[in-house]
Structure formats: C-alpha cells, structure tokens
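Letters A, B, ... mirror the listed sequences (proteins, then strands); counts begin at 1.
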2 protein chains.
Amino acid sequence: MWVRDRDATLADIAAAAETHRATLHRHFPSRTELLDATVRSCVAEIVTATEAAAIAKGPPLAALRRLVAAYLAIGDHIRFLFEDLAVTRHPAVAELTAADGPVTELIRRGQADGTLDTSLAPAWIERSIWALVYAASEAVNDGTLPAHDALPVLLRTIEDGITRPRHRNRPRGTNP
Amino acid sequence: MWVRDRDATLADIAAAAETHRATLHRHFPSRTELLDATVRSCVAEIVTATEAAAIAKGPPLAALRRLVAAYLAIGDHIRFLFEDLAVTRHPAVAELTAADGPVTELIRRGQADGTLDTSLAPAWIERSIWALVYAASEAVNDGTLPAHDALPVLLRTIEDGITRPRHRNRPRGTNP
DNA sequence: TCCTATTGCGACCCTGATGTCGCATACTTG
DNA sequence: CAAGTATGCGACATCAGGGTCGCAATAGGA
C-alpha cells in the first residue's frame, strides 16, 4: 500500500509500488513532494465524499448519517491523514479540519432544528465525529470490529454515546 | 518538553532538556532506549491514574467518570502515546490498550448493571473512550476547547453522544 | 519498422543524525 | 581538603537515506 508508514524509505515505497526508486524520483522530485501529492489526493477524496453525501440537503441527522457512512467507507484515507501528526499538520489537512466548512454548517443546522445538542460547540462535535470515525476505521482495520456492524455501531456511539438507551424510538442504521 | 515530535533530533531533545547530547547518551545509550524509557514512563503514569480512579469500586458510571477525569488530567501523556503510530505500536502501549484489563472489566460491570449499552462491544466502548479523551485533550491543547469545560463536555459526549437530550434527569459533571 | 518516451538499474555524492571518545570542569560526599 | 562522580564540550567515525546521473532495455505509437 501507499505510504503506510511515514518511516518508510523511498526504496520501500518504490518496492511496494513495484517500481524503481529512480522512477519514483522522476514523478516526485523529492520525498516531500510525494507526501504532498499523497496528502492532497487523500484530502480530495474526502472532499469528494463530503460532496457526494449532499450534506446541505434534507434533515440534518440523515445528512450526518450519510456523511459518516461515506467517511467510514474511505477509512483508509482518513487513517492515513490522521494517524501521523506530521501529516495531520499538513496545510491541506489542517484546512480540512480547522476550517469552518460544510460540516460545521451541517452541525449548526442540526442544532438549530433541535436534533443536535446545543450545549456542545460545533467545533467539538465535528472533532469528536472525526475521532470516532477514525477509531471505528482503525477497529475494523485491525479486526476488533466486524466490518458489517461498524456503521451502525459507530452511528449509535456518535449519536447516543455509550450509555444504555432510555427509550429507543428513532430509527437508526442503514442496513437491516 | 519531552519528545514532542518524534522527528526531534537528539540534539533538539538535549537542548530542550537543557543538557548536552553526550549527557543524554550517558543515560540512554541509544535513541530507541530513550524512546522506550519515555513510553514506559507514560504508560506507568496511565496505569497509576487508572489505579487512583478506583475503577473496581462503586457504581460503574461514577467510576467511569472518575477514570475519564483522571485521563483527561494527564492528557499530555495520552497524546504522546497515541499521536504517533510508531509509539502506539510499542509493546508497552499495545499491552495497555489491547489487553482485557481493568477498564474492560469496568465496562462489563456497567453493562451488567444496565448503565452501559449492551449492544456495543466492550472493546469498542473502550476504544471510543480513548478516542474521545484523546480528541478532547487535543482540543484543549490547541485552544479549541476551554480547559474548564473540557471534562463536562467530554463526559456528555461519551455518555450521550451529540444528539439533543430527550430527557435530562441524571446529574453529570464534577464542577458547578 | 523506426523513433521516442518511459522504466530498470546501478553507481555516485552529500547531508544530517547517531553513537563514541577523551578531556576539562564543576559538584558532591567523605 | 581530597576523591570520586556527573556534566559540558568538542572532535571524530559511521552510516542510512535522499537526490542525481548515465546508460541499457523495453514499450508503445506513428
């Protein structure tokens, strides 16, 4: 796979790509440019997924669920961007998370219509979603969480936390 | 501070410790031994905090709250251990998270007494707690979340998720 | 078929970081 | 005060990894 470990040598990466180190240098003059390109590619993937989820339309909670599902589906990319601080601090990634973007807007909509907790700051809600999506993806990746439960479990955790439900009257989950 | 960046040169670390690189080598022959020692120290800190929270005693939810508060208080250490994959994979850390330890036991107790959701696997609950504690610590660290709200906000998120409360009848939080 | 672009491959240099030593200088402890 | 210990300090060896180059082989298109 790609740059699984940031420690990976260019030789390792080339080997993983079944090519030669020199060839790698022909495409990406320096190591940092390779990293940049990879990061940008991943960020683009996430942006695409976000747009595909049509966040701005429909009830906020449903939109949020679509978004989370979309993110979980590209968990590899999410993990790559957030598993390494040096990558996470990359401008492109920082912009993705820090910015007051469409996700923040969605959260505000959710708070406005009474779906989401207004006592939590949108920035924190957004961050906690990222954190849980990352955790779920990691869990799926290392086999702790079966892939087919991952989404409902993740949604349940994000929406209602880990305590026992007091009353269960809202539909949830996307699979039967 | 310590090994804030794993990329930090030994010279950097020595400088940060206001000492000389050679002196560092006298204490820790190799770089990896230094890392080991630091990781072990952090893990020990966490173990101590866990024990101090007296997890095994009292109502599970209250115990969980004590635990989360304790973890948040040593957020620096938690971040250090989890912000870098190479560190996270360190045997000592892996043992801390993967093991079926006292926290897992606490979660089982919580599920048994009806406090925690039994539809979520204990391993997942444990992981999501780590993820949210990490996220909160990070948020406090970078100024996104005011330090004084961090704990109640974190507990709220862990326990009830991000959706609007249907009924609020349980006391929460440790500060007025 | 021939021409061109791309790749494989090995050799090379260079930089930066690690690890080692020897010595001079405090600092503490008896 | 004296001995032993820890530290500051610079010099040095080593080495892994990044980046460059030239050349042969191959593929692919006109």
Side-chain angles (χ1 to χ4, degrees), chain A residues 1-46 76-96 138 141-142, chain B residues 1-45 48 76-96 138 141-142:
Chain A
M1 195 193 157
W2 306 62
V3 190
R4 43 155 67 79
D5 265 339
R6 174 158 123 278
D7 295 334
T9 286
L10 288 187
D12 295 340
I13 299 176
E18 290 178 339
T19 183
H20 195 269
R21 195 164 66 92
T23 308
L24 209 60
H25 274 291
R26 288 190 186 102
H27 290 277
F28 309 97
S30 76
R31 182 194 176 84
T32 59
E33 297 200 34
L34 174 85
L35 228 217
D36 272 25
T38 311
V39 167
R40 277 176 210 292
S41 157
C42 277
V43 168
E45 203 85 18
I46 292 177
D76 297 337
H77 302 260
I78 307 248
R79 255 178 295 126
F80 170 71
L81 291 183
F82 293 106
E83 77 190 356
D84 184 280
L85 254 199
V87 173
T88 305
R89 284 173 183 157
H90 186 101
V93 181
E95 178 182 351
L96 185 69
E138 199 178 45
N141 187 248
D142 68 24
Chain B
M1 197 194 159
W2 305 63
V3 191
R4 45 153 67 81
D5 264 339
R6 172 157 125 280
D7 295 333
T9 286
L10 288 187
D12 295 340
I13 300 176
E18 289 180 340
T19 181
H20 196 269
R21 197 164 65 90
T23 309
L24 208 60
H25 275 290
R26 288 191 186 97
H27 291 275
F28 309 96
S30 78
R31 182 192 175 85
T32 60
E33 297 201 37
L34 174 85
L35 227 216
D36 272 27
T38 311
V39 168
R40 279 176 208 292
S41 157
C42 277
V43 169
E45 202 85 16
T48 301
D76 296 338
H77 302 259
I78 307 248
R79 255 179 296 127
F80 171 70
L81 291 183
F82 293 107
E83 77 189 356
D84 184 281
L85 254 199
V87 173
T88 306
R89 284 173 181 156
H90 186 101
V93 180
E95 177 182 353
L96 185 68
E138 200 179 45
N141 187 248
D142 67 25

With 3.5 Å as the limit, what N/O pairs link the protein to nucleotides 19-23 of chain C?
from, atom 1, to, atom 2, distance (Å)
dG19(C), OP2, Arg31(B), N, 2.8
dG19(C), N7, Arg21(B), NH1, 3.0
dG19(C), O6, Arg21(B), NH2, 2.9

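Between the CD1 atom of Ile13(B) and the P atom of dT18(C) there is a distance of 8 Å, rounded to whole Å. Taking atom CG on Leu24(A) and atom C1' on dG8(C), their separation rounds to 13 Å, with Å as the unit.
With sequence neighbours excluded, the residues forming a side-chain contact (heavy atoms from CB on, under 4.5 Å) with Ala86(B) are Asp7(A), Arg6(B), Asp84(B), listed by chain and number. Taking the salt bridge (Lys or Arg N to Asp or Glu O under 4.0 Å) definition, one finds that Arg79(B) meets it with Asp76(B), sequence neighbours left out.
A heavy-atom distance below 4.5 Å is found between the side chains of Arg40(A) and Asp36(A).
Nucleotides of DNA chain D that come within less than 4.0 Å of any heavy atom of chain A span, from the 5' end to the 3' end, dG17(D) to dG22(D).
Closest of all the heavy-atom pairs between Ala94(A) and Arg89(A) is CB-O, 4.5 Å. Taking every heavy atom of both residues into account, Phe80(B) and Val87(B) meet most closely at O-CG1, 3.9 Å.
With hydrogens and angles disregarded, a donor-acceptor distance shorter than 3.5 Å links the side chain of Thr38(B) to the backbone of Leu34(B). Distance alone, capped at 3.5 Å, is enough to place a donor-acceptor pair between the Thr88(A) side chain and the Leu81(A) backbone. Of the possible donor and acceptor atoms, none in the side chain of Ser41(A) sits under 3.5 Å from a partner among the backbone N and O of Ala37(A).
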Could you tabulate the donor-acceptor pairs under 3.5 Å formed by side-chain atoms of residues 9-30 of chain B, not counting sequence neighbours?
from, atom 1, to, atom 2, distance (Å)
Asp12(B), OD2, Thr9(B), N, 3.1
His20(B), ND1, Ala22(B), N, 3.1
His25(B), ND1, Pro29(B), O, 3.1
Ser30(B), OG, Thr32(B), N, 3.4
Ser30(B), OG, Thr32(B), OG1, 2.9
Ser30(B), OG, Glu33(B), N, 3.2

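Using five terminal pairs a side, the axes of the helix from dT1(C)-dA30(D) to dG30(C)-dC1(D) at its two ends make an angle of 30°, given in steps of 10 degrees.
Contact check, His27(A) against dT7(C): a side-chain N or O comes under 4.0 Å of OP1 or OP2.
Contact annotation for Glu18(A): backbone-only contact, meaning every heavy-atom pair under 4.0 Å involves sugar-phosphate atoms and none involves a base.
Note that the CD atom of Glu45(B) and the CD1 atom of Ile78(B) stand 10.0 Å from one another [nearest 0.5 Å].
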